[in-house]
Amino acid sequence: MAKTEEILARIEELKSQTGVPRTLFAVCPNSISVIKASFRAAKRNNAPIKFAATLNQIDSDKGYVGITPKEFTKMLADEARFVNFNGPYIVAIDHGGPWLKDKQSQERWDFKRAMDGVKKSFEDAIEAGYDLIHVDPTIDIFVPVGEIIDIRVVAQRTVELIKHSENFRRKNNYPAISYEVGTEEVHGGLADENTFDTFIGLLKTGLEKEDLSDVWPCFIVGKVGTDLHTTTFDREVATILTQKVRKFGSYIKGHYTDGVVNPEDYPVCGIGAANVGPEFTISEYEALAELEQTEKMLFEKGQIAVLSNMKQTLWELVIASNRWKKWLQPEEKGLPFENIPAERKGWLVKTGCRYIWQHPEALVARYRLYENLNRNGIDAEEVVLSRIEHDMDKYFYAFNLVNLNDYLS
């Protein structure tokens with residue numbers, strides 16, 4: 001049995017004994033600081049943790065985090081060892097599918113090239129020791145504007161990608177891995193119950209035709225009321241979807257859990273796992289902004305020679321990257337950045353920092369900020385990591401994960 005299924009089975013067993021439901025907490029590793037903070041938080045809460053990395057974040061071209069899949073799994077092992085974390089952690093690809101990598105959509109790769117690119121990314125992840133792949137072929141940049149991709153095409157491409165991954169894994173004698181399918185996105189996702197039911201049926205039939213009846217996703221992503229601009233988890237919809245997939249042995253996976261106001265409802269509704277990502281980019285940004293205020297006070301006292309200009313650097317780099325345009329609301333499309341409302345500009349920059357943390361100018365500004373404060377007795381990195389950890393803690397508690405590792409060894 002694959003690692004993820006083993007953990008889920010043990011959680012289910014514990015639920016039958018204690019009545020306590022649990023939801024796995026998945027962090028999107030969108031910066032080195034988030035990776036470090038994740039293990040510190042998991043260690044303190046004595047809980048398992050999942051890392052769900054998109055191909056934009058981590059891939060063979062290093063992504064915007066600046067590491068390959070092999071470097072990523074090695075870094076995770078190193079960070080776990082550094083804090084003496086001995087519990088289980090899951091390494092996964094998040095949203096793996098054609099044109100979901102920005103480079104593919106921006107350069108308008110044709111279908112074969114895009115699929116081949118995804119297959120290579122999956123091979124590299126399996127070779128690096130990943131535990132789970134989220135197969136998500138719900139984007140097609142050649143579908144006319146205003147239309148959505150046919151769910152039958154989504155199912156067929158899902159089967160093709162799972163088949164390729166399994167053939168590669170088995171041929172090379174790599175350990176069993178788990179799969180996640182579907183998406184919460186309206187553009188091609190399982191946005192209504194009929195589409196959801198159709199997809200599950202087509203997926204089951206398609207895998208059986210490929211002699212892969214022994215392969216079935218442990219997670220199916222459902223639209224449970226959350227996206228980057230909403231913060232309320234829909235208990236009713238989540239419960240209905242959970243009932244649908246449990247009879248197949250799967251769990252619903254929640255995405256865009258960032259800042260949700262009722263995270264405690266996830267385990268109650270039987271959600272298997274939930275992703276949080278941009279929220280921790282905001283945490284990191286706000287910690288750096290707080291430190292910069294301290295830096296300025298020290299500068300005014302003559303205790304610092306050169307300021308880092310941290311916040312200004314981040315704003316300039318995010319705006320110049322143009323990656324904020326991906327997250328504009330319909331009414332904001334085409335507006336110059338300066339004409340976007342102030343609150344929205346702040347959100348776009350704070351969440352957009354994940355794309356530029358590894359930019360040389362951002363690295364230099366952070367180094368100068370840390371040095372200025374360290375020389376004045378302030379452990380700057382500790383402040384940043386502690387802020388991210390603090391914002392992670394609520395999920396460990398809400399998902400009933402604290403001290404779960406005592407029962408997983």
Can you confirm if the NZ or CZ of R246 lies within 45° of the ring axis of Y251 and under 6.0 Å from the centre of its six-membered ring? yes

Would you indicate whether the side-chain heavy atoms of W109 and I141 approach each other to under 4.5 Å? no

Please determine whether the number of non-hydrogen atoms from other residues, nucleotides or ligands lying under 6.0 Å from atom NZ of K311 exceeds 12. no

For residues V260 and T232, determine if any side-chain heavy atom of one lies less than 4.5 Å from a side-chain heavy atom of the other. no

With a 4.5 Å cut-off on side-chain heavy atoms, are H164 and E160 touching? no

Can you find a pair of side-chain heavy atoms, one from N46 and one from V402, that are under 4.5 Å apart? no

Got a sec: does the OH of Y367 have more than 12 other heavy atoms crowding it under 6.0 Å? no

Given N45, which partner from the list N405, D393, N403 fulfils the side-chain hydrogen bond (donor to acceptor under 3.5 Å, both in side chains) test? D393

Roughly how far, to the nearest 0.5 Å, is the CG atom of D136 from the CD atom of E180? 8.5 Å

Would you tabulate the side-chain donor-acceptor contacts of residues 73-80 under 3.5 Å, counting partners in other chains and residues two or more places apart, or write 'none'?
{"residue": "T73", "atom": "OG1", "partner": "P69", "partner atom": "O", "Å": "3.3"}
{"residue": "T73", "atom": "OG1", "partner": "K70", "partner atom": "O", "Å": "3.1"}
{"residue": "T73", "atom": "OG1", "partner": "A128", "partner atom": "O", "Å": "3.0"}
{"residue": "K74", "atom": "NZ", "partner": "D78", "partner atom": "OD2", "Å": "3.1"}
{"residue": "D78", "atom": "OD1", "partner": "R81", "partner atom": "NH2", "Å": "2.4"}

Looking at Y397, I'd like to know if its OH atom is crowded, meaning that more than 12 non-hydrogen atoms belonging to other residues, nucleotides or ligands lie closer than 6.0 Å. no

For E331, does the CD atom sit with more than 12 other heavy atoms under 6.0 Å from it, leaving out its own atoms? yes

Checking D391 against S283: is there a side-chain donor and acceptor pair closer than 3.5 Å? yes

N194-D197 side chain donor-acceptor pair, cut-off 3.5 Å: no

Under 3.5 Å, is there a donor-acceptor pair between the T54 and D94 side chains? no

Can you check side-chain contact (heavy atoms from CB on, under 4.5 Å) on L212 and K163, steps first, answer last? CA-CA 8 Å; L212 291 170; K163 178 183 177 181; 3.9 Å; yes

Name the orientation class of the two ring planes belonging to F25 and Y395 (parallel below 30°, tilted from 30 to 60°, perpendicular beyond 60°). parallel

Atom CG of L363 and atom OG1 of T313: how far apart are they, to the nearest 0.5 Å? 11.0 Å

Taking the six-membered ring of F399 as reference, does the cationic atom of K394 (NZ for Lys, CZ for Arg) lie under 6.0 Å from its centre and within 45° of its axis? no

Please determine, by modelled atom types, if E5 and S178 share a side-chain donor-acceptor pair under 3.5 angstrom. yes

Find out whether L24 and P48 are in side-chain contact, i.e. whether some heavy atom of one side chain is under 4.5 Å from a heavy atom of the other. yes

Test the R344-W324 pair against the cation-pi criterion, namely NZ or CZ under 6.0 angstrom from the six-membered ring centroid and within 45° of the ring axis. no

A quick test of your reading: do over 12 heavy atoms of other residues, nucleotides or ligands sit less than 6.0 Å from NZ of K333? yes

In terms of the angle between their ring planes, are F39 and F51 parallel, tilted or perpendicular, with boundaries placed at 30° and 60°? tilted

What pairs with F233 under ring-ring contact (aromatic ring centres under 6.0 Å, His included), at least two apart in sequence or on another chain? Y266

How about Q57 and Y64: does a side-chain donor come under 3.5 Å of a side-chain acceptor? yes

For atom NZ of K209, is the number of surrounding heavy atoms from other residues, nucleotides or ligands below 6.0 Å larger than 12? no

Please report the shortest heavy-atom distance between A26 and K253, naming the atom on each side. CB-CE, 4.4 Å

For T257 and N275, which I'm curious about, is there any donor-acceptor pair between the side chains at under 3.5 Å? no

